[in-house]
Participant: 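First, the structure itself, so that you have it in front of you.
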2 protein chains.
Amino acid sequence: MADQNPEQGSLNCFTCQARERTEWCVLDDAELELLNKGRLTREYLPGEIIFHEGDPCRGVFCLETGMVGVRKTDADGNSVLLYLVTPGDTLGYRAMLAGEDYRASAEALEPTRICVIDVPTVRSLLEHNPALGLRYLKRVSMSLGNAEEKILHNATLSVRARFAHLLLVLIDKYGEKSSDGPTEFELPLSRHDLASMIGTTPESMSRTIKKMESDGVARFAGRTVHIPEIEILVQEFEPDHYV
Amino acid sequence: MADQNPEQGSLNCFTCQARERTEWCVLDDAELELLNKGRLTREYLPGEIIFHEGDPCRGVFCLETGMVGVRKTDADGNSVLLYLVTPGDTLGYRAMLAGEDYRASAEALEPTRICVIDVPTVRSLLEHNPALGLRYLKRVSMSLGNAEEKILHNATLSVRARFAHLLLVLIDKYGEKSSDGPTEFELPLSRHDLASMIGTTPESMSRTIKKMESDGVARFAGRTVHIPEIEILVQEFEPDHYV
DNA sequence: TGTTTGATTTGACCATCGTCAATTCAATTA
DNA sequence: TAATTGAATTGACGATGGTCAAATCAAACA
């Protein structure tokens, strides 16, 4: 794990660019001071583990730059990639709020700069500012809604439909927001990780991509994806969706 | 929907038997008064819908007696049964806390008695009592952890292993808590609903049950299940678990 | 430029599981 | 008791998608 490096990025919570996009936006100056004191900045290189499934919760992580993947692995080594965490997102709050050990692990997928806020600080802030709790409640509840949707999708949709859905989500997050017409964007993930996001194997992922190309739904060159018509992708996911 | 029936069950939040097991246990008398005022009791017969996916959130439901199933259904009519809600559980809080419409529907599976607390009341309580928010945070966060685990299980385990796991969960909730030796208990669900809890079809459910019987793992007579040795069931779910 | 290494793709195979249709079972009612 | 109804089971079939092994590709490096 790389050491703290105050040269780049913001020096503290007051000047942090990401703050307005995080839960902390509801804190007043005194509370920000507390937050800042309970804070420690860390840097990770791709592949480095931020926390492991089963580890006791160390606090809440605020991602400043880079990208983190949240994975859950079973005894046989099978795993799913549950979340991609990007700047402005918080990480590790589920375990903290549930009062549990981590039930998933977090790994840097790119060079990543993160602040860790220790458990007592977060707990104290939560106990004194109901608005912060409400913020987290909203976040966790929406996340639960998404997880439940994923359970339904995985149970009822084909690999191809799930992949179409994943592409739409990734476009929404990493691509330009043109709702129709041709779209081009960069996948932030390897084939292996794409596969584990939709609960399938790299082999099936490959074949699905190939089939989609031959059907003219999308073109893949390495991590670059070209989609001639977004609407076609939507119909892959919702067969009865009409324009 | 049956009308309010004050003859049976508790008359108000102060005398409610279930209260100590709910989030409301952190409220003081003044807050309980408010809760009680924002409350309305309803009764439902099996099959009756308490709320529908897409409906605007009406509040938080407290289950006093009976049982409710929370289902999520897609455009093609495929559905999964996400939760079984039993007395002392709360229902519908996810949508309320996320500030969303319901993203699943709730249906009475047995004759059921529920209190509804309207949105403004819950919101007011949450804004003034951080402890209540923390309670809900814990509940939603643990629920999210379980949902994420389910995503992993559905992606990596066979129907049979998932069913073994479901049986263990149901035994833990509805059976006697003997950790070893023979166990007998009543399934609270039809074959169809068992299937939709693990994301499969009634046909596959039937065949899985048949296979488990012929393997001596369990015996099924209608809704009565007899398990000669719990540990065998655990091994179905975790093949490398050792005694 | 050749080599190494890991990612990706392809091929071959087949197990699991979903689908559809028919049958059996069980509970309720005429 | 016979008839009705919906749930559960069984059979037959095939598609989807997983597994394993081999081949190919691409990036980093000597």
Side-chain angles (χ1 to χ4, degrees), chain A residues 45-47 69 74 76-81 107 109-110 152-166 186-215 218-225 236-237 239, chain B residues 45-47 69 74 76-81 107 109-110 152-166 186-215 218-225 236-237 239:
Chain A
L45 295 173
D74 69 14
D76 302 336
N78 304 106
S79 74
V80 289
L81 182 52
E107 175 194 334
L109 300 177
E110 295 174 3
L152 178 64
H153 285 167
N154 290 347
T156 61
L157 298 181
S158 65
V159 166
R160 175 157 171 164
R162 281 181 272 155
F163 183 50
H165 184 235
L166 175 62
E186 284 291 305
L187 290 170
L189 293 173
S190 69
R191 299 289 191 261
H192 182 91
D193 283 342
L194 286 175
S196 74
M197 282 218 83
I198 60 171
T200 186
T201 58
E203 294 94 327
S204 290
M205 188 76 267
S206 236
R207 287 184 244 271
T208 303
I209 285 174
K210 197 180 185 188
K211 192 83 198 316
M212 275 188 167
E213 286 205 311
S214 72
D215 292 348
R219 291 196 32 71
F220 297 82
R223 291 190 174 192
T224 305
V225 191
E236 290 277 333
F237 165 59
Chain B
L45 295 174
D74 70 14
D76 303 336
N78 304 105
S79 73
V80 289
L81 183 51
E107 175 193 334
L109 301 177
E110 294 174 2
L152 178 64
H153 285 166
N154 289 346
T156 62
L157 299 181
S158 65
V159 166
R160 176 155 169 167
R162 280 181 274 153
F163 182 52
H165 184 234
L166 174 62
E186 285 291 306
L187 289 171
L189 294 172
S190 69
R191 297 292 192 257
H192 182 92
D193 284 340
L194 286 175
S196 74
M197 281 218 85
I198 59 172
T200 187
T201 58
E203 293 96 327
S204 290
M205 188 76 266
S206 237
R207 286 184 245 271
T208 302
I209 284 174
K210 199 182 185 185
K211 192 81 199 317
M212 276 188 165
E213 288 205 311
S214 72
D215 292 347
R219 292 196 30 74
F220 298 81
R223 292 192 172 191
T224 305
V225 191
E236 290 277 333
F237 165 58

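No hydrogens, no waters, no symmetry mates; every other heavy atom, side chains included, goes into these values. Chain naming here is simple, since letters A, B, ... match the order of the sequence lines and numbering starts at 1 in each.
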Participant: List the residues meeting side chain to side chain contact (heavy atoms under 4.5 Å, CB included) with A:Asp74, not counting sequence neighbours, and say none if there are none.
Facilitator: A:Asp76, A:Asn78, B:Leu152, B:Thr156

Participant: Enumerate all atom pairs, one protein N or O and one N or O from nucleotides 17-24 of chain D, separated by less than 3.5 Å.
Facilitator:
| from | atom 1 | to | atom 2 | distance (Å) |
| --- | --- | --- | --- | --- |
| D:dG17 | OP1 | A:Val159 | N | 2.8 |
| D:dG18 | OP2 | A:Thr200 | OG1 | 2.6 |
| D:dG18 | OP2 | A:Ser204 | OG | 2.8 |
| D:dT19 | O4 | A:Arg207 | NH2 | 2.9 |
| D:dC20 | N4 | A:Glu203 | OE2 | 3.2 |

Participant: Name all pairs fulfilling the salt bridge (Lys or Arg N to Asp or Glu O under 4.0 Å) condition that reach into residues 152-161 of chain B, sequence neighbours left out, sorted by first residue then second.
Facilitator: B:Arg160-B:Asp215, B:Arg160-B:Glu236

Participant: What pairs with A:Ser206 under side chain to side chain contact (heavy atoms under 4.5 Å, CB included), at least two apart in sequence or on another chain?
Facilitator: none

Participant: Once side-chain hydrogen bond (donor to acceptor under 3.5 Å, both in side chains) is applied, do any residues pair with A:Glu186, and if so which ones, sequence neighbours excluded?
Facilitator: A:Thr224

Participant: Give me each pair satisfying side-chain hydrogen bond (donor to acceptor under 3.5 Å, both in side chains) with a member in residues 187-196 of chain A, each pair once, sequence neighbours excluded.
Facilitator: A:Arg71-A:Asp193

Participant: Quick one: list whatever passes side chain to side chain contact (heavy atoms under 4.5 Å, CB included) with A:His153, sequence neighbours left out.
Facilitator: A:Glu149, A:Leu157, A:His165, A:Phe237

Participant: D:dT16 C1' sits how many Å from A:Asn154 CG, rounded?
Facilitator: 15 Å

Participant: With sequence neighbours left out, what residues match A:Ala155 under side chain to side chain contact (heavy atoms under 4.5 Å, CB included)?
Facilitator: B:Val80

Participant: I'd like the 5' and 3' limits of the part of DNA chain C contacted by chain A, with heavy-atom contacts below 4.0 Å.
Facilitator: C:dT8 to C:dA12

Participant: To the nearest Å, give me how far apart NZ (A:Lys210) and P (D:dC25) are.
Facilitator: 12 Å

Participant: Between B:Arg219 and B:Val225, is any pair of side-chain heavy atoms under 4.5 Å apart?
Facilitator: no

Participant: Which residues pass the side-chain hydrogen bond (donor to acceptor under 3.5 Å, both in side chains) test with A:Thr201, sequence neighbours left out?
Facilitator: A:Ser204

Participant: For a quick test of reading the model, state the closest non-hydrogen atom pair linking B:Pro46 to B:Leu109 and the distance between them.
Facilitator: CB-O, 3.8 Å

Participant: If you take any heavy atom closer than 4.0 Å to DNA chain C, which residues from residues 186-196 of chain A end up in contact?
Facilitator: A:Ser190, A:Arg191, A:His192

